[in-house]
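Following: one structure in structure tokens, then a few remarks.
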Amino acid sequence: MMRRIGTIALCAAFLASSSPAAQAARPPKGKLKIAIAVKDGPTRGGTLHCGPDGGTHPHPRAACDVVRKVGGDFNKIHVPADETCGEEVKPYAVVITGTWRGKKVQWSKGYRNFCVMQAAGGKLLS
């Protein structure tokens, strides 16, 4: 009888640890704040949580895919050599702060226009 109770308790503990409620309680692997400002225009921003993907970002899954691709090192985000954005100058500035896999993140970068910013950061900077 005691063996049966122990087995039931062990099974219950296993099921509880693999339930969606238990998984939802884990903190995200990335928790970021993103601010994008345009010269002589409004600043917009939001939050991005990765692993699970969410937050107020308009495209959390695609944005988190970009962050995962660069391993949370935003210095690896570059404008492709073949970008065809033209020469329009309407500066954008991006600031990203927060944490990625337990490490503090603080990054900022300026771009000459929206197209160049999008070419560099894709959905992360949309």
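We use all heavy atoms of the structure for the numbers below, so side chains are in, but hydrogens, waters and symmetry mates are not. Since the structure is predicted, the reported quantities are computational estimates derived from the model, not experimental observations.
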Donor-acceptor pair, side chain of Q118 and main chain of L125, under 3.5 angstrom | yes
If you look only at pairs with a residue in residues 54-78, which of them pass as a salt bridge (charged side-chain N to carboxylate O under 4.0 Å, His left out), with sequence neighbours excluded?
-> D53-R68, D65-R68
Taking only residues at least two apart or on different chains, which pairs with a member in residues 57-105 satisfy disulfide (SG to SG under 2.5 Å)?
-> C50-C64, C85-C115
Could you list all the salt bridge (charged side-chain N to carboxylate O under 4.0 Å, His left out) pairs where at least one residue sits in residues 116-126, not counting sequence neighbours?
-> none
Heavy-atom side-chain contact between L48 and L124 under 4.5 Å | yes
Grab the two heavy atoms, one from A120 and one from V79, that are nearest each other, plus how far apart they are.
-> CB-CG2, 3.8 Å
Would V89 and N113 satisfy side chain to side chain contact (heavy atoms under 4.5 Å, CB included), going step by step from the backbone distance to the final call?
-> CA-CA 6 Å; V89 177; N113 61 40; over 6 Å; no
Exam field: side chain R112 to backbone Y92, donor-acceptor pair closer than 3.5 Å | no
Output every pair passing salt bridge (charged side-chain N to carboxylate O under 4.0 Å, His left out) with a member in residues 34-48, not counting sequence neighbours, ordered by first then second residue.
-> none
4.5 Å side-chain heavy-atom contact, W107 and I34 | no
Rounded to the nearest 0.5 Å, how far does NE2 of H57 lie from OG1 of T47?
-> 9.5 Å
Who passes ring pair (Phe, Tyr, Trp, His ring centres under 6.0 Å) against Y111, sequence neighbours left out?
-> none
Which atoms form the tightest heavy-atom contact between T56 and G46, and what is the distance?
-> OG1-CA, 3.2 Å
Exercise answer: donor-acceptor pairs, residues 93-104 side-chain atoms, under 3.5 Å, sequence neighbours excluded:
unit_1 : atom_1 : unit_2 : atom_2 : d
W100   : NE1    : G71    : O      : 3.4

Correct closest heavy-atom pair for S126 and I36 would be O-CD1, 4.2 Å
